[in-house]
A.B. asks: 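Below is a structure I'd like to ask you about.
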Amino acid sequence: MACGPPRSSTCCGARRIRPSSIASRAASEPADSAARATPTCSATVAAHGARTIAAMTTVRVRIAPSPTGPLHIGTARTALFNYLFARHAGGTFILRLEDTDVARSTPEFEEDILEHLHWLGLEWDEGPAAGGLPERGAFGPYRQMARRDLYRAAAEQLLAEDRAYPCYCTAEELDADRKLREEAKLPSRYSGRCAALTPDERAAFAAQGRRPAIRFRIEPGVVAFDDMVRGHVEIDASALGGDLVIVRVDGTPLYHFGVVVDDAAMGITHVIRGEDHLSNTPKHILLFRALRYPVPVFAHLPLILNADRTKMSKRKSQTAVKDYIAEGFVREALVNYLALLGWSTGTEEEILSLDDLVGRFDTAAIQKGGAIFDRGRLEWLNGQWIRRLADDDLASRLAPFLAAEAAAGRIDRAPSPADIVALLPMVRERLPVLGAIGELVGFLYVDDLVPDAALLVPKRWDAATARAGLAVALAAITEAGEAGFTKDDLEPSLRGLADARGWKAGDLFMAIRVAISGRTATPPLFESMVALGRARTLERLARAVAVLAA
RNA sequence: GCCCCCAUCGUCUAGAGGCCUAGGACGCCACCCUUUCAAGGUGGAGAUCAGGGGUUCGAAUCCCCUUGGGGGUACCA
């Protein structure tokens, strides 16, 4: 990450802050000072003066998914950006599971997330035990539910310093408060009912058997920070909704609390996440400060949007990575597409591998506005990547889709690996997704094919002509024998047949195409016939003649 | 409601005050290639840079306002 043009930012008035310089500040400065959260022009000096420090400070970033659903396209994109940032900087990419929503978290979702991040090639340097592999990293455990002691200690510290207090309000009371403020058209905010309870009052609640949640005191003031994507952001603490619950009655931490305790404990230097967290960032900064932790640098990524420009959701879009995999999108295309959603190289390159992306990644070029997920463009990229894969690689990726076709009964048998490789020249350019393979070549692997009589008759022909055409083709192929049954012999022979009778070759070919495949759109005809085999080709031609005779 | 963020072809984007008559890609249309379908090639339509004010000799680019959109506002993450 060199200083200076073309893509590095300036300091004062710049919307982008050099990540490495801030990294050194965040990681090396002791807690406290408001200046830490609001780097100003003095950062220029720090930035240049601290280059050696910045160079020595290892970037540590994380992806912190919540196992409350399968891996989401948005989570994958955030993971990718963190991965690219870490790898580009020679830093560490960490995976942490935020499983404190006990009601919605499941081991199955956890597995889905891990498996598919791995599938995308986003290997983490530190993370939980998974898939039979042991936990990696010196900052574990990497599951929040296994880190409860840390949250408890942090909460106790805040309690002891009166930065937080026990709150005995019930859900009903809170709901009633909320409703009241809503009706009065007031901004929602905690009433502060428990903020100034005396020890006696607390004891009284406890005696009633009421157990408290813990609330963090939001002190008045303006919280400011310099976002790597958005520049300087200021939010008045009065807009934060009042004192914040950080620990539930059941003792589990809430997101805003766990994320801060863990990011600090894990030495996270840069928090790269979706823009949906931007408004909550002041809460995190206030907690970092109250706990005397260094504040990391933030980068809020633009959201991925549904077609109607709302935040991409399961309701309106296909969001599970596994569903894209099931359709036959390849990892290279998904990674390539996701990287270019909200970021660009500044060049006209479009086809980029994960390694290419690592080399070119630069947070200064991250887009600020949200981006609609464009499936058409993804498909185009997928086709590009499919065309670039090596034969064996593509064949082995295709195999499961063919096996699935067989399992579903759409074909009677799946081709061997060698057969699939042989198919490649005629299918490679016809696959927007791997899952299209069944439609494309399925006719080669069905035993009983009866073509539709109407399809057998080309537009310019009538049924009698079609029948005659197929019959002469059948005769010619029979006569040519096994030796003449090659792509190069078949074409001139059949073309000659058509010419001799004054038919358009294309019409004859179409009739044959439908006869052998049942379809009007197929891979190239003569290659298809060879793939089908002479015996079955003849059999199907005979069958078609019979169909037209009926 | 309140707070925050955002704004260049339908979509993803290039653009760092003169290289902009706004470039590329996807999609769309036409033509070429061609046995169908693709792929590929060539060309085309498509953005008064959301609108209005400034600043400047000069603004897509800087500032302000308006409008529009989005996000946040939980004992969800």
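Letters A, B, ... are given to chains in the order of the sequence lines, protein chains preceding strands, and every chain is numbered from 1. Just so you know, these numbers use all the heavy atoms, side chains as well, and skip hydrogens, waters and symmetry mates.
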A.B. asks: Heavy atoms only, 4.0 Å cut-off, all strands: where does A:Gly342 land among base, sugar-phosphate and nothing?
C.D. replies: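 A:Gly342: backbone/sugar contact only, no base atoms under 4.0 Å.
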A.B. asks: Considering the options A:Arg143, A:Arg148, A:Arg96, A:Arg62, which one meets the salt bridge (charged side-chain N to carboxylate O under 4.0 Å, His left out) requirement together with A:Asp262?
C.D. replies: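 Among the candidates, only A:Arg96 passes.
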A.B. asks: Are any of A:Thr310's side-chain N or O atoms less than 4.0 Å away from OP1 or OP2 of B:rG70?
C.D. replies: no
A.B. asks: For A:Lys368 and B:rC6, is the shortest distance between a side-chain N/O and OP1 or OP2 below 4.0 Å?
C.D. replies: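 For B:rC6, OP1 or OP2 has a side-chain N or O of A:Lys368 closer than 4.0 Å.
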A.B. asks: Indicate, with a heavy-atom threshold strictly under 4.0 Å, whether A:Ser66 touches base, sugar-phosphate, or nothing.
C.D. replies: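 Contact class for A:Ser66: sugar-phosphate only.
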A.B. asks: Let's see if you can work this out: which of B:rC3, B:rU36, B:rA25 has an atom nearest to the side-chain heavy atoms of A:Trp380?
C.D. replies: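 Nearest to the side chain of A:Trp380 among the choices is B:rA25.
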A.B. asks: Using a 4.0 Å heavy-atom cut-off across all strands, classify A:Ile214 as base, sugar-phosphate, or nothing.
C.D. replies: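 The answer is nothing, as A:Ile214 stays clear of every strand by at least 4.0 Å.
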A.B. asks: Within this structure, what is the CG-to-P distance between A:Asp452 and B:rU36, rounded to whole angstrom?
C.D. replies: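 Distance, rounded to whole Å: 21 Å.
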A.B. asks: Please verify the inter-ring angle class for A:Phe361 with A:Trp343; under 30° counts as parallel, over 60° as perpendicular, anything in between as tilted.
C.D. replies: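 Tilted: the ring planes of A:Phe361 and A:Trp343 meet at 30° to 60°.
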A.B. asks: Under 3.5 Å for both donor-acceptor distances, Watson-Crick or wobble: does B:rG68 have a partner, and if so which one?
C.D. replies: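 Across all strands, the one nucleotide that pairs with B:rG68 is B:rC6.
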A.B. asks: Quick one: side-chain hydrogen bond (donor to acceptor under 3.5 Å, both in side chains) partners of A:Asp452, sequence neighbours excluded?
C.D. replies: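 side-chain hydrogen bond (donor to acceptor under 3.5 Å, both in side chains) list for A:Asp452, sorted by chain: empty.
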A.B. asks: Determine the contact category for A:Gly376: base if any of its heavy atoms lies under 4.0 Å from a base atom, sugar-phosphate if only primed atoms, P, OP1 or OP2 are that close, otherwise nothing.
C.D. replies: sugar-phosphate
A.B. asks: Mind checking A:Pro523 for me? I need base, sugar-phosphate or nothing, with any heavy atom below 4.0 Å counting as a touch.
C.D. replies: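 Base, at least one base heavy atom under 4.0 Å.
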A.B. asks: At under 4.0 Å between heavy atoms, what does A:Glu182 touch on the DNA or RNA strands: base, sugar-phosphate, or nothing?
C.D. replies: nothing
A.B. asks: Quick check for you: among B:rC5, B:rA25, B:rG1, whose closest atom lies nearest to any side-chain atom of A:Leu278?
C.D. replies: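 So the nucleotide nearest the side chain must be B:rC5.
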A.B. asks: With A:Arg77 as the cation and A:Phe81 as the aromatic partner, state whether NZ or CZ is under 6.0 Å from the six-membered ring centre and within 45° of the axis.
C.D. replies: yes
A.B. asks: Mind calculating the distance between CD (A:Glu429) and C1' (B:rG41) to the nearest angstrom?
C.D. replies: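 One finds 13 Å between C1' of B:rG41 and CD of A:Glu429, rounded.
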A.B. asks: Any base atoms under 4.0 Å from A:Gln144, or only sugar-phosphate, or nothing? Heavy atoms, all strands.
C.D. replies: nothing
A.B. asks: Looking at every strand, decide which applies to A:Asp101 at a 4.0 Å heavy-atom threshold: base, sugar-phosphate, or nothing.
C.D. replies: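 Sugar-phosphate: the residue A:Asp101, judged by heavy atoms under 4.0 Å, touches backbone atoms but no base.
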A.B. asks: Where the side chain of A:Leu525 is defined as all heavy atoms beyond and including C-beta, which of B:rC75, B:rU35, B:rU13 is the nearest nucleotide?
C.D. replies: B:rU35
A.B. asks: Does A:Arg181 use its side chain to pair, donor to acceptor, with the backbone of A:Pro187 at less than 3.5 Å?
C.D. replies: yes
A.B. asks: Where the side chain of A:Ser279 is concerned, which of B:rU36, B:rC75, B:rG71 is the nearest nucleotide?
C.D. replies: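 Nearest listed nucleotide: B:rG71.
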A.B. asks: Please report, rounded to the nearest Å, how far the P atom of B:rC75 is from the CD atom of A:Glu172.
C.D. replies: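 Going from CD in A:Glu172 over to P in B:rC75 covers 13 Å.
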A.B. asks: Is the distance from OP1 or OP2 of B:rA14 to the nearest side-chain N or O of A:Gln367 less than 4.0 Å?
C.D. replies: yes
A.B. asks: Partner of B:rC75 by Watson-Crick or G-U wobble geometry, both contacts under 3.5 Å, or none?
C.D. replies: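 Across all strands, not a single nucleotide pairs with B:rC75.
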A.B. asks: Looking for any heavy atom pair under 4.0 Å, which part of the strands does A:Ala239 touch: base, sugar-phosphate only, or nothing?
C.D. replies: sugar-phosphate
A.B. asks: Could you state the CG-C1' distance from A:Asp276 to B:rC3, rounded to the nearest angstrom?
C.D. replies: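 Rounded to whole Å, this separation is 16 Å.
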A.B. asks: What does B:rC37 pair with, Watson-Crick or G-U, if both distances are under 3.5 Å?
C.D. replies: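 Matched B:rC37 with nothing under the 3.5 Å cut-off.
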A.B. asks: Of the listed nucleotides (B:rU73, B:rA14, B:rC26), which one gets closest to any side-chain atom of A:Arg377?
C.D. replies: B:rC26
A.B. asks: Mind checking if A:Tyr337 touches a base, just sugar-phosphate, or nothing, with heavy atoms under 4.0 Å?
C.D. replies: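 Contact class for A:Tyr337: none.
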A.B. asks: With a distance cut-off below 6.0 Å to the six-membered ring centre and an angular limit of 45° from the axis, does A:Arg215 pair with A:Tyr190 as a cation-pi contact?
C.D. replies: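 Yes, a cation-pi geometry.
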A.B. asks: Please pick, from B:rC26, B:rG71, B:rC75, the nucleotide with the shortest atom-to-atom distance to any side-chain atom of A:Arg248.
C.D. replies: B:rC75
A.B. asks: Go through B:rC12, B:rC5, B:rA77 for me and flag the one nearest to the A:Ile372 side chain.
C.D. replies: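 For A:Ile372, the side-chain atoms sit closest to B:rC12.
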A.B. asks: Hey, is the side chain of A:Thr100 poking within less than 4.0 Å of OP1 or OP2 on B:rC76, counting only N and O atoms?
C.D. replies: no
A.B. asks: Check the distance between B:rA39's P and A:Leu394's CG and give it to me in whole angstrom.
C.D. replies: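 So the CG-P distance, A:Leu394 to B:rA39, works out to 16 Å.
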A.B. asks: Using a 4.0 Å heavy-atom cut-off across all strands, classify A:Leu254 as base, sugar-phosphate, or nothing.
C.D. replies: sugar-phosphate
A.B. asks: So what's B:rA25 paired with, Watson-Crick or G-U wobble, going by both distances under 3.5 Å?
C.D. replies: B:rU11
A.B. asks: As a test of reading the structure: which of B:rU35, B:rC5, B:rA77 is closest to the side chain of A:Arg104, going by heavy atoms?
C.D. replies: B:rA77
A.B. asks: From B:rU13, B:rU35, B:rG40, pick the nucleotide closest to the side chain of A:Arg387?
C.D. replies: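 Nearest listed nucleotide: B:rG40.
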A.B. asks: Phosphate oxygens OP1/OP2 of B:rU35: is one of them under 4.0 Å from a side-chain N or O of A:Arg495?
C.D. replies: yes
A.B. asks: What is the distance, to the nearest angstrom, from the CD1 atom on A:Ile304 to the P atom on B:rC5?
C.D. replies: 22 Å
A.B. asks: Using a 4.0 Å heavy-atom cut-off across all strands, classify A:Ala371 as base, sugar-phosphate, or nothing.
C.D. replies: sugar-phosphate
A.B. asks: Should A:Thr252 be listed as having a side-chain N or O under 4.0 Å from OP1 or OP2 of B:rC75?
C.D. replies: no
A.B. asks: Counting Watson-Crick and G-U wobble pairs only, both distances under 3.5 Å, name the nucleotide matched with B:rC57, or none.
C.D. replies: B:rG18
A.B. asks: Check the orientation of A:His256 and A:His284. Use parallel for under 30°, tilted for 30 to 60°, and perpendicular for over 60°.
C.D. replies: tilted
A.B. asks: Over all strands shown, is A:Thr281 touching base, sugar-phosphate only, or nothing at heavy-atom distances under 4.0 angstrom?
C.D. replies: nothing
A.B. asks: Between B:rA7 and B:rC64, how far apart are the P atoms? Round to whole Å, please.
C.D. replies: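 Pairwise P distance, B:rC64 against B:rA7, rounds to 14 Å.
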A.B. asks: Where the side chain of A:Arg430 is defined as all heavy atoms beyond and including C-beta, which of B:rC37, B:rA14, B:rG24 is the nearest nucleotide?
C.D. replies: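 Taking heavy atoms from C-beta onward, the closest nucleotide is B:rC37.
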A.B. asks: Whether A:Arg309 contacts B:rC5 is assessed here as follows: a side-chain N or O lying under 4.0 Å from the phosphate OP1 or OP2. Is that the case?
C.D. replies: no
A.B. asks: In whole angstrom, give the distance that lies between atom CZ of A:Arg178 and atom P of B:rC76.
C.D. replies: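 These atoms are roughly 11 Å apart.
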A.B. asks: Base, sugar-phosphate or nothing for A:Pro524? Non-hydrogen atoms, less than 4.0 Å.
C.D. replies: base
A.B. asks: Starting at atom NE2 of A:His300, determine the distance to atom P of B:rG71, rounded to an integer number of angstrom.
C.D. replies: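 One finds 15 Å between P of B:rG71 and NE2 of A:His300, rounded.
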